[in-house]
Amino acid sequence: MTDVDHTASQATARHAGTERRSEHSRTDPPTPSARSAGSDPSTRGALVIAEKAIEKVASNAASNVPGVSGPVGGFLGLGARHKETTRPRCEVQLNGLIASLRLEVGITYPVPLKRTTELLRTSVREEVSRICGLDVRQVDIAINTLLDPTRGQGRRELA
């Protein structure tokens, strides 16, 4: 038997097997207990949210608080400055479904620091809990810079 004849006979055998299988592949409609088994959360798998995604959600929530900004530039923490249009930095530590956050922010001067940090902490906690389904137990805030909006953009006028 040549290669062509051998390949043709294999294809015919596969086709015949498919026809036989299709005759016997009829299934009865699922019973109510079979339908409910697929909707059981324990049988559907797991949802994993990366820490990086949680950091972005928290950072975005923090940037929506008036007067809060994030760091720009710098190298190894030196020479960084804050800009109103950048998001604050965030680090996340997870322990199961419990999250601890650490934010590095700049705050526009002169705003009440206590009120601003309380609003920041509440906003971030609620947003991360709502979007990620986590219990945010701790939100540490490091204020690295107080921004003065009246100050120039680093340029001085020479007299």
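These numbers come from the heavy atoms of this one structure, side chains and all, not from hydrogens, waters or symmetry mates. Everything numeric here is computed off the predicted structure, so don't read it as measured data.
For the side chain to side chain donor-acceptor pair (under 3.5 Å) test, residues two or more places apart in sequence or in another chain that qualify with Glu127 are Arg130. Qualifying side chain to side chain contact (heavy atoms under 4.5 Å, CB included) partners for Asn60, counting only residues two or more places apart in sequence or in other chains: Ser63, Asn64, Arg87.
Residues Arg102 and Glu104 are paired through a salt bridge, judged by an N-O separation under 4.0 Å between the basic side chain and the carboxylate.
Put simply, CD1 on Ile54 and SG on Cys132 are 5.0 Å apart, with the number rounded to the nearest 0.5 Å. One distance of note links CD1 of Ile131 with CD of Glu126; it measures 11.5 Å at 0.5 Å rounding.
The local environment of CD in Gln93 is sparse, with at most 12 non-hydrogen atoms from other residues, nucleotides or ligands closer than 6.0 Å.
Pairing each heavy atom of Ile98 with each of Arg137, the nearest pair is CG2-CG, 3.3 Å. Nearest approach of Ala58 to Cys90, heavy atoms of both residues: CB-SG, 3.6 Å. Contact detail for Val92 and Glu55: the closest heavy-atom pair is CG2-CG, 3.4 Å.
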*Show your working on side chain to side chain contact (heavy atoms under 4.5 Å, CB included) between Ile143 and Thr117 and close with a plain yes or no.*
CA-CA 9 Å; Ile143 302 172; Thr117 55; 3.9 Å; yes

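Between the side chain of Ser129 and the backbone N or O of Leu134, at least one donor-acceptor pair lies under 3.5 Å. No donor-acceptor pair under 3.5 Å is formed between the side chain of Ser123 and the backbone N or O of Ala61.
A continuous path of ILVMFWY side-chain contacts below 4.5 Å connects Tyr109 to Val65, so both sit in one hydrophobic cluster. Following chains of ILVMFWY side-chain contacts shorter than 4.5 Å, one can reach Val57 starting from Leu94, so the two form part of one hydrophobic cluster.
Between Leu103 and Val68, every side-chain heavy-atom pair lies at or beyond the 4.5 Å cut-off. Between Leu113 and Leu146 there is a side-chain heavy-atom pair separated by less than 4.5 Å.
Shown are Leu101, Val105, Thr116; of these, the side-chain contact (heavy atoms from CB on, under 4.5 Å) with Ile141 is made only by Val105.
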